[in-house]
Every structure is written in structure tokens, then in C-alpha cells.
There are 2 protein chains.
Amino acid sequence: MSIDGQLPPKTRLLRAAAGLLAKSGGAAVSTRQITQLAGVTAPTLYHHFGDKEGLFDAVVAAGFEEYVARERDFAPSGEPLEDIRRMWDQHVHFGLKQPELYLVMFGNIRPESRPAVVADAEALMEEMLNKAAVAGQLAVPPKEAARSILAANVGVTLMLITEKAPERNLELSAMTRDAMIFAVSTEQARDSGPDSGKSPVVVAAIALNAALQASHSDQLSSSELKLFLEWLHRISTSSTS
Amino acid sequence: MSIDGQLPPKTRLLRAAAGLLAKSGGAAVSTRQITQLAGVTAPTLYHHFGDKEGLFDAVVAAGFEEYVARERDFAPSGEPLEDIRRMWDQHVHFGLKQPELYLVMFGNIRPESRPAVVADAEALMEEMLNKAAVAGQLAVPPKEAARSILAANVGVTLMLITEKAPERNLELSAMTRDAMIFAVSTEQARDSGPDSGKSPVVVAAIALNAALQASHSDQLSSSELKLFLEWLHRISTSSTS
DNA sequence: CACTTCATATAGCGTTGCTATAGGTGCTAG
DNA sequence: CTAGCACCTATAGCAACGCTATATGAAGTG
């Protein structure tokens with residue numbers, strides 16, 4: 001059960017901590033557990049890492065290296081904004097694959113103390129956004145864009161982590177991702193139209209009715225569609241308000 | 001320094017915990033600090049609240065009540081989307097004004113365990129988005145929109161909390177907020193290129209869906225309605241390939 | 001060999017969340 | 001008035017925590 005080999009104690013501590021952190025299911029991991037698994041006593045830990053957080057930072061640094069490395073390998077596509085998209089997805093993927101490690105990195109939030117790893121992640125994203133800016137695809141300063149996107153990215157990942165695996169809906173991520181990228185990009189050609197009005201059930205039903213007839217949606221079979229339209233007609237001719 | 005008056009110990013514990021939590025600057029607050037300030041001994045705490053987390057949950061519940069109350073008071077403006085905007089801002093404001101309380105509510109993340117308060121906040125936002133959906137202003141199902149917006153909202157707030165107060169840039173919040181709201185709304189793509197945005201069918205279906213759930217129309221029997229809603233759901237979640 | 005330096009161990013401090021047990025307090029029943 | 005009962009609170013202390021003062025061993029250098 002212990003981590004032996006003739007590896008130096010420092011390495012054994014790192015592996016023990018990473019292993020326990022990965023298996024613990026988010027529960028707290030004590031220094032005693034770590035030192036015991038590493039086959040080492042307490043002072044050794046504090047000699048090498050200062051304190052518990054120092055150890056965790058070291059573990060996180062290793063995890064982040066892996067994260068960044070995968071990031072950079074994939075980087076060189078022609079489209080900077082497409083790279084950002086992939087960066088977002090890998091961020092989420094990393095968080096869901098190693099939730100405990102991710103939470104040590106991004107979930108350990110305290111006021112006025114920003115973990116170094118956040119700044120690193122921000123720098124990485126900013127660097128990529130810079131390319132987009134050079135290409136004239138950015139409508140916002142890269143720094144602000146990076147912070148904004150990263151904030152949303154972390155928020156989404158944290159929310160997905162709190163969900164039980166089977167229920168996870170990655171659509172949430174994709175949608176938020178595209179919203180953020182679209183918002184900072186220059187491709188928007190918005191034109192706020194004169195909208196309005198309230199549409200109660202009847203109006204909505206009428207709109208749907210018209211829209212359905214005009215488009216060839218294949219979400220419903222023809223027999224289903226027929227019955228659907230009949231009900232729709234019933235609703236839209238009723239006088240609810 | 002102690003909380004006296006002749007208030008019952010349960011109340012004193014709540015106030016002591018809330019007070020310490022607010023002042024502690026994010027540092028951990030111990031049960032001994034709390035019980036001492038409340039002028040009470042340990043077993044009293046555990047008799048009333050079960051454990052430390054139970055106490056904090058109670059404090060959070062109170063804080064959330066305040067949060068929701070302020071929310072609802074401001075709610076009734078004409079424009080649902082404007083209400084969402086204000087909701088976002090109040091969320092951020094609440095987080096920055098009481099960071100410690102906010103972190104207990106939203107920052108205490110663990111895998112597979114979603115705090116009840118998150119679900120409540122999500123429900124509150126979904127409720128508001130429903131109004132927007134009824135008005136035909138939503139291009140996405142309210143549930144998904146709520147989760148997405150809330151995720152980004154929490155992410156931004158957490159990021160702002162980690163910054164030291166003087167450096168806080170609320171532009172980050174405003175920008176992310178508008179990006180998310182814009183993304184779920186129908187105001188985009190009104191003049192519309194080929195593949196920009198959802199088709200009218202989808203928008204109408206979403207609006208009708210929300211409207212039907214809001215007003216109990218009796219034009220359809222319950223079994224018919226069930227099937228009808230199922231089809232509607234199929235349409236409104238279809239991608240605009 | 002003496003001396004320094006680095007690395008690990010022994011033992012224990014102070015604090016944490018929590019609890020087994022017992023004692024008070026106020027109520028209703030006889 | 002007293003007996004019993006349910007509720008609430010206190011005394012005292014356990015096990016686990018992060019961490020450290022101090023000591024011992026090993027390795028290299030003059």
C-alpha cells in the first residue's frame with residue numbers, strides 16, 4: 001500500500017499526495033495520510049514543502065504543466081478563435097476528468113488571495129487571444145476578454161463538477177463558450193430590432209403554427225405533426241389570456 | 001464583546017456565526033469562537049444545528065432569504081431581460097458585499113454534492129427567464145439558459161472576490177453579463193444571415209412551452225397536454241442544423 | 001578527523017470538530 | 001406539593017488535525 005521504490009522522499013510525497021487527492025472523492029486529505037502512504041514522517045514534508053498548501057501547490061503545478069502542455073500541442077490551428085474554443089473545451093475536460101485536482105486549483109477560493117495557477121491560466125488564454133487581436137478578430141482588449149472568458153469557463157466547469165456524472169449536460173458548456181467567444185469577437189453584426197410585445201399562449205401558438213407550416217422540421221413524424229397541429233389549433237383559437 | 005440580551009441561545013449562535021463569518025476575512029471560523037461569542041458551550045450548538053455545517057446552512061439560509069427578497073422587490077419591470085440584467089448585478093453585488101457568506105453559499109464546492117442554495121438560485125433565475133420566454137425573447141429553453149447564466153454569474157463573482165478590492169473591475173461583470181444575456185435572447189439574428197441563430201420554429205416553440213407551463217390552459221386533456229409538451233420539447237431542443 | 005550541511009525521525013504542542021454523560025429548568029399530572 | 005418528564009445546557013474529554021522544537025543520522029569538504 002505504501003509508495004516505495006527507492007525514489008527520493010520528496011517524489012514519494014508528491015505521488016502520495018496526488019494519488020490520495022485523486023481518490024479521495026473530494027474529501028479532505030490529511031498530512032498524516034500522505035506521509036504514511038509515502039513512508040515518511042511529518043517533518044520531512046515540512047522540510048521540503050513548507051506547509052500543506054505548499055505540497056498541494058507543487059501537485060497542482062505538475063497537473064497544470066500537463067494541462068498547459070496538452071494545450072500548446074494542439075494550439076497551432078489557423079483560426080485563433082477556434083483555438084480558444086478548443087482551449088475552453090480542454091479546460092472543462094480537464095476539470096471533469098480530475099475534479100479533485102481541479103478543485104485544488106480553481107475551487108479553493110478565498111478573498112484577496114489569488115492562486116498563482118489562475119494567473120497562469122489567464123496569461124495562457126490572453127496569449128492566445130492576442131493572436132486573435134492581431135488578426136483583427138477581437139472587439140475587446142485581450143486582457144479583459146481573457147478574464148471574462150476564463151471566469152465563465154471556471155464557473156461552468158465548477159457547476160458541471162457539482163453535478164453527478166450521468167446528468168452532466170455538456171451543452172451548457174458549449175452554449176456558454178460560444179456566447180463568450182461571440183461576445184468578444186468582431187463577427188457580430190447586431191441590429192436590435194423593434195421587438196416586442198407580449199405574447200401569451202395564443203400568440204405563441206399562432207406563431208409556432210405559422211412557423212411549423214413554413215419550415216420542414218423533421219422532429220416529428222407526419223402523423224405526430226398532424227395531431228400536434230390540431231392541438232395547436234385548438235389552443236390558438238381559445239380565448240385564454 | 002459577547003452577544004447577550006436575553007435572546008435564546010439558538011439566535012445568539014446564529015448571530016455570532018454570521019458576525020464572525022462576516023468579519024473573519026475569509027479565514028476559517030471555529031466552533032469555539034462562535035460558541036464563546038454567543039456565550040454558550042459546544043453541546044448547545046450541536047443540539048440545535050447538528051454540526052458546524054448545519055449552523056452555516058442556517059446562516060446561509062438567512063442570507064439567501066435576504067438575497068431573494070431584494071431580488072423579488074425589484075423584479076417587476078416591463079422588460080424581463082432587463083430584470084435578468086439587474087438580477088445578475090445584484091448577484092455580483094451580494095457576493096462582493098459579503099464575500100465570506102457568498103463563499104459559504106457558492107464557493108464550497110465538492111464533487112457530486114450540490115448545495116441546495118444553488119438549486120434555489122437556479123430556480124429563481126429560471127422563473128424570471130420564463131417570463132422572457134413567454135414574451136418570445138428567448139432563443140434557448142429557460143432551464144438551460146438559467147444554468148448557463150448562473151454558471152457564468154458565479155464564475156465572475158468568484159473571480160472578482162479573489163481580487164483585492166481596489167483593483168476590482170466591474171467591467172468584467174458587465175461584459176460577461178451582456179454576453180450571456182445576448183446569447184440566450186432572440187434579439188440577435190433578427191435580420192439574419194443563413195445560419196445565425198435559431199429558426200423561428202424553435203423560438204416559437206420555446207415561447208409556447210413556457211407560456212403553457214405558466215398558464216394552465218384547459219384546452220387539452222392532461223394526457224394530451226403531456227404528449228403535446230413532449231413534442232414541443234423535442235422541437236425546441238432540436239439543433240438548427 | 002573535525003566540521004558543516006542537508007535530510008529524516010522522535011515526540012509533542014495547540015487547536016480543531018464533536019460527544020458521552022450528567023445536571024438543571026419548566027411544564028403537566030396526580 | 002410533588003413526581004415525573006421533556007427539553008435544554010454544561011463539564012470534561014476524545015481523536016484527529018496542522019505544525020514544530022529538538023535531536024540524530026548521512027554525506028561531503030577542509
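Convention: sequence-line order gives letters A, B, ...; per-chain numbering from 1.
The salt bridge (charged side-chain N to carboxylate O under 4.0 Å, His left out) analysis of residues 174-183 of chain A, with sequence neighbours excluded, yields the pairs A/R85-A/D178, A/D89-A/R177. Screening residues 28-57 of chain A for ring pair (Phe, Tyr, Trp, His ring centres under 6.0 Å), with sequence neighbours left out, gives no hits.
Whole-Å rounding puts the A/L13 CG to C/dA9 C1' distance at 14 Å. What separates NE2 of A/H47 from P of C/dT10 is a distance of 17 Å, to the nearest Å. Nucleotide C/dC6 holds its C1' atom 16 Å from the CZ atom of A/F49, rounded to whole Å. Distance A/H48 NE2 to C/dA7 C1': 6 Å, rounded to the nearest Å.
With sequence neighbours left out, B/E127 forms a side chain to side chain donor-acceptor pair (under 3.5 Å) with B/R72. Judged as a side chain to side chain contact (heavy atoms under 4.5 Å, CB included), and not counting sequence neighbours, the contacts of B/A151 are A/V156, A/M159. Residues passing the side chain to side chain contact (heavy atoms under 4.5 Å, CB included) test with A/P80, sequence neighbours excluded: A/K131, A/A132, A/Q137. Not counting sequence neighbours, the partners of B/E53 by the side chain to side chain contact (heavy atoms under 4.5 Å, CB included) test are B/D51, B/D57, B/R110. Among residues two or more places apart in sequence or in another chain, the side chain to side chain donor-acceptor pair (under 3.5 Å) test is passed with A/S173 by A/W88. In this view, A/A179 and B/M180, B/A183 satisfy the side chain to side chain contact (heavy atoms under 4.5 Å, CB included) rule, not counting sequence neighbours. In this structure, the ring-ring contact (aromatic ring centres under 6.0 Å, His included) partners of A/F64, at least two apart in sequence or on a different chain, are A/Y67.
For the pair A/T41 and C/dT8, the criterion of a side-chain N or O lying under 4.0 Å from OP1 or OP2 is not met.
Of all nucleotides in DNA chain D, those with any atom nearer than 4.0 Å to a heavy atom of chain B start and finish, going 5' to 3', at D/dC8 to D/dG13.
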message: I need a per-nucleotide contact map over nucleotides 18-25 of chain C, read 5' to 3'. Cutoff is protein heavy atoms under 4.0 Å; write B for the base, S for backbone only, - otherwise.
response: BBB-----
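Within the model, atoms CZ of A/R86 and CD of A/Q90 stand 7.5 Å from one another, a figure rounded to the nearest 0.5 Å.
For DNA chain C, none of the residues of residues 56-63 of chain B falls under the heavy-atom distance limit of 4.0 Å.
With hydrogens and angles left out, the side-chain atoms of A/T41 and A/T35 include no donor and acceptor closer than 3.5 Å.
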